[in-house]
Student: 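Dumping the structure here so I can ask a few things about it.
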Amino acid sequence: MLNKTFSNLIDSIRLLFRREKESYLCFYKILGFYPHDIHIYEQALLHKSSSVKSDQGRLMNNERLEFLGDAILDAVVGDLVYRKFEGKREGFLTNTRSKIVSRESLNYLAEQIGLTKLVKFTTRHSSHNSYMGGNAFEALVGAIYLDRGYAYCQYFMEHRIIAPYLDLNKISRKETNFKSKLIEWSQKNKVIMKFELINQSLDEFNSPTFESEVQLEGIPACKGKGYSKKESQQIAAHETLNRIKKDSAFLESVLAAKALREEPKELEIPIENTRQSDFRNEEPVRPSSGDWEKIICEAEEAAYSENYIS
């Protein structure tokens, strides 16, 4: 971006004649360049609970920008990861990108650049609403794309976000998909595992919560609670993996249950080897009317064959 310095110089001169100087300066500190259309960046900070009506009467918030920013972010981060890890396979690159653009990572980045404090909302802030920061971050990327184009999105992510806040080498080695890792462990050790949704309720702010439990060979392992089924399962899986490593008695009980399940069952006694006395207490089976007709027809056919065919 060779013209970035010159562009910022021109924009800083224009700033002298703008009425919303504070907003422009605020976004400059975050972006590293001045916005052209300040209103689209302000929209990126509007949570749906604080929607405003446009001149056309449509409700405006950051949801559409969030959708756009999500797609642009995937492309930009994918490009950065591709160039950073030369020679790495697709699975590694996909996994690393997913960690960078995960909700937890975007929430962290929104906090670091001061974006979370700028989000406008009317609902009370709770653990569930903490996702607003990550959502606003995606919306901000969408705003950058519409206002300045793809190249500025690349500059923002590479120089203003990844360079100061993220260690890509460390992120690439970090294990975050605990559910996948637990499934891999269970398949390798041939242990039956399942996730059970044991509770679904609302918290004090009326946000839905989910509680899941991991069961190994039918034995309850650990529970996890979150604001989505996926989140609760990830937490439960993480706790279960830790318990497998640290609680030898628990692991032994799981393996014992597995061994018991795999024991060969006793074979049933074949019918031909059963004594007649084994059935003396059983009531005789009486044919139904339909069965009688079938028996009679078969007998008549047998008699006909015997008398006329032989």
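Values reported hereafter were calculated over all heavy atoms of this structure, with side chains retained and with hydrogens, waters and symmetry mates removed.
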Student: Shared ILVMFWY cluster between I219 and I192, side chains joined below 4.5 angstrom?
Tutor: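 No; tracing contacts between hydrophobic side chains, which count when under 4.5 Å, never links both residues.
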Student: So, E213 versus Q215: side-chain donor-acceptor pair below 3.5 Å or not?
Tutor: yes
Student: In this structure, are over 12 heavy atoms from other groups packed under 6.0 Å from F67 atom CZ?
Tutor: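 For F67, atom CZ is not crowded (no more than 12 foreign heavy atoms under 6.0 Å).
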Student: Q43 and M60: which non-hydrogen atoms are nearest, and at how many Å?
Tutor: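 It is OE1-CE, 3.1 Å.
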Student: Keeping K120 on the side-chain end and L46 on the backbone end, is there a donor-acceptor pair under 3.5 Å?
Tutor: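 Absent.
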Student: Take atom NZ in K225; do more than 12 heavy atoms of anything else shown fall under 6.0 Å from it?
Tutor: no
Student: Can you name the one residue among Y152, Y28, F156 that meets ring pair (Phe, Tyr, Trp, His ring centres under 6.0 Å) with F33?
Tutor: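 Among Y152, Y28, F156, the one that satisfies the ring pair (Phe, Tyr, Trp, His ring centres under 6.0 Å) with F33 is Y152.
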Student: What heavy-atom pair brings V119 and A136 nearest, and what distance separates the two atoms?
Tutor: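 So the minimum-distance heavy-atom pair works out to CG2-CB, 3.6 Å.
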Student: Please answer whether the main-chain N or O of I235 pairs with a side-chain N or O of E239 as donor and acceptor at a distance below 3.5 Å.
Tutor: no
Student: Are the side chain of R83 and the backbone of G78 linked by a donor-acceptor contact shorter than 3.5 Å?
Tutor: no
Student: Could you check whether any side-chain N or O of R160 sits under 3.5 Å from a backbone N or O of K29, counting only pairs where one atom can act as donor and the other as acceptor?
Tutor: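 Looks like yes, one N/O pair under 3.5 Å.
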Student: Rounded at 0.5 Å granularity, tell me how far OG1 in T96 sits from CG in L80.
Tutor: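 T96 OG1 to L80 CG: 12.5 Å, rounded to 0.5 Å.
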Student: Got a second to check how far H36's NE2 is from D147's CG, nearest 0.5 Å?
Tutor: 6.5 Å
Student: Check step by step if ring-ring contact (aromatic ring centres under 6.0 Å, His included) holds for Y34 and Y24.
Tutor: CA-CA 6 Å; Y34 289 101; Y24 279 92; 7.3 Å; no
Student: Might you point out which heavy atoms bring M157 and V77 nearest each other, and give the distance in Å?
Tutor: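 The pair with the smallest heavy-atom distance is CE-CG2, 4.0 Å.
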Student: Parallel under 30°, tilted from 30 to 60°, perpendicular over 60°: which one fits the rings of F27 and Y41?
Tutor: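 Ring orientation, 0 to 90° scale: tilted.
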Student: Taking atom types as modelled, find out whether N61 and E66 have a side-chain donor-acceptor pair closer than 3.5 angstrom.
Tutor: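 The answer is no; no qualifying pair exists.
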Student: For atom OH of Y150, is the number of surrounding heavy atoms from other residues, nucleotides or ligands below 6.0 Å larger than 12?
Tutor: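 Correct, the count exceeds 12.
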Student: To the closest 0.5 Å, what do you measure between CG (L106) and CZ (F137)?
Tutor: 6.0 Å
Student: Hey, does E211 have a side-chain heavy atom less than 4.5 Å from the side chain of L197?
Tutor: no
Student: Between N107 (side chain) and R103 (backbone), is there a donor-acceptor pair under 3.5 Å?
Tutor: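 Yes; at least one donor-acceptor contact below 3.5 Å.
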Student: Assess whether atom CZ of R89 is packed by more than 12 heavy atoms of other residues, nucleotides or ligands within 6.0 Å.
Tutor: no
Student: Given side chains that start at C-beta, do those of Q200 and P208 come closer than 4.5 Å, heavy atoms only?
Tutor: no
Student: Let me confirm one number: the CD-CG distance from Q112 to L166, rounded to the nearest 0.5 Å.
Tutor: 9.5 Å
Student: For V101, which of D70, L73, L109 qualifies under side chain to side chain contact (heavy atoms under 4.5 Å, CB included)?
Tutor: L73
Student: To the nearest 0.5 Å, tell me how far I30 CD1 sits from I161 CD1.
Tutor: 9.0 Å
Student: Check the angle between the aromatic planes of H238 and F178 and answer parallel, tilted or perpendicular using the 30° and 60° thresholds.
Tutor: parallel
Student: I need the minimum non-hydrogen distance between V141 and C153, along with the two atoms involved.
Tutor: O-SG, 3.7 Å
Student: Is any side-chain heavy atom of V214 closer than 4.5 Å to one of L216?
Tutor: yes
Student: Does E196 pair with K223 as a salt bridge, N-O distance under 4.0 Å?
Tutor: no
Student: With the side chain counted from C-beta on, respond yes when L115 and L45 share a heavy-atom pair under 4.5 Å apart, and no when they do not.
Tutor: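 Yes - at least one pair of side-chain heavy atoms lies under 4.5 Å apart.
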Student: Is a side-chain N or O of S105 found less than 3.5 angstrom from the main chain of I100, in a donor-acceptor match?
Tutor: yes
Student: Run the side-chain contact (heavy atoms from CB on, under 4.5 Å) test on L118 and C26 for me, step by step, so that the C-alpha distance in whole Å, both residues' side-chain angles and the decisive distance to 0.1 Å come before the verdict.
Tutor: CA-CA 10 Å; L118 301 176; C26 178; 3.7 Å; yes
Student: Would you check, one step at a time, whether the test side-chain contact (heavy atoms from CB on, under 4.5 Å) holds for E231 with F210?
Tutor: CA-CA 8 Å; E231 183 183 7; F210 302 85; over 6 Å; no
Student: Establish, from distance only, whether the side-chain atoms of T209 and S201 form a donor-acceptor pair under 3.5 Å.
Tutor: yes
Student: With a sphere of 6.0 Å drawn around CZ of R261, does it hold more than 12 non-hydrogen atoms of other residues, nucleotides or ligands?
Tutor: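 Yes, the 6.0 Å shell around CZ holds more than 12 heavy atoms from other groups.
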Student: Can a donor-acceptor pair be found between the side chains of Q233 and K179 at a distance below 3.5 Å?
Tutor: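 K179 and Q233 do have a side-chain donor-acceptor pair below 3.5 Å.
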Student: Answer yes or no: does atom CD of E90 have more than 12 heavy-atom neighbours from other residues, nucleotides or ligands under 6.0 Å?
Tutor: no
Student: Could you tell me which non-hydrogen atom of G224 sits nearest to which non-hydrogen atom of A236, and how far apart they are?
Tutor: N-CB, 3.6 Å
Student: Determine all donor-acceptor pairs shorter than 3.5 Å in which one atom belongs to a side chain in residues 248-257; sequence neighbours excluded.
Tutor:
unit_1 : atom_1 : unit_2 : atom_2 : d
S253   : OG     : F250   : O      : 2.5

Student: For L31 and Y155, run side-chain contact (heavy atoms from CB on, under 4.5 Å): C-alpha distance rounded to whole Å, both residues' side-chain angles, the deciding distance at 0.1 Å, then the answer.
Tutor: CA-CA 9 Å; L31 304 173; Y155 167 82; over 6 Å; no
Student: Are the side chain of R243 and the backbone of A221 linked by a donor-acceptor contact shorter than 3.5 Å?
Tutor: yes
Student: Is the side chain of T94 donor-acceptor paired with the backbone N or O of G91 at a distance under 3.5 Å, no angle test?
Tutor: no
Student: Within the distance-only criterion (no hydrogens, no angle test), does the side chain of S172 pair as donor or acceptor with the backbone N or O of N169 below 3.5 angstrom?
Tutor: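 Between the backbone of N169 and the side chain of S172 there is a qualifying donor-acceptor contact (under 3.5 Å).
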Student: Roughly how far, to the nearest 0.5 Å, is CG of L93 from CZ of F85?
Tutor: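 Here the rounded value is 8.5 Å.
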Student: Answer yes or no: is there a side-chain heavy-atom contact under 4.5 Å between L65 and L146?
Tutor: yes
Student: Please tell me whether D79 and Q154 have a donor and an acceptor in their side chains that are separated by less than 3.5 angstrom.
Tutor: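 There is such a pair (donor and acceptor under 3.5 Å, judged by atom type) between the side chains of D79 and Q154.
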Student: Would a hydrophobic clustering, with Ile, Leu, Val, Met, Phe, Trp and Tyr connected at side-chain separations under 4.5 Å, put I198 with F195?
Tutor: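 Hydrophobic grouping puts I198 apart from F195.
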Student: Pair Q234, N177 - check side-chain hydrogen bond (donor to acceptor under 3.5 Å, both in side chains), show working.
Tutor: CA-CA 7 Å; Q234 283 285 357; N177 194 342; 3.0 Å; yes
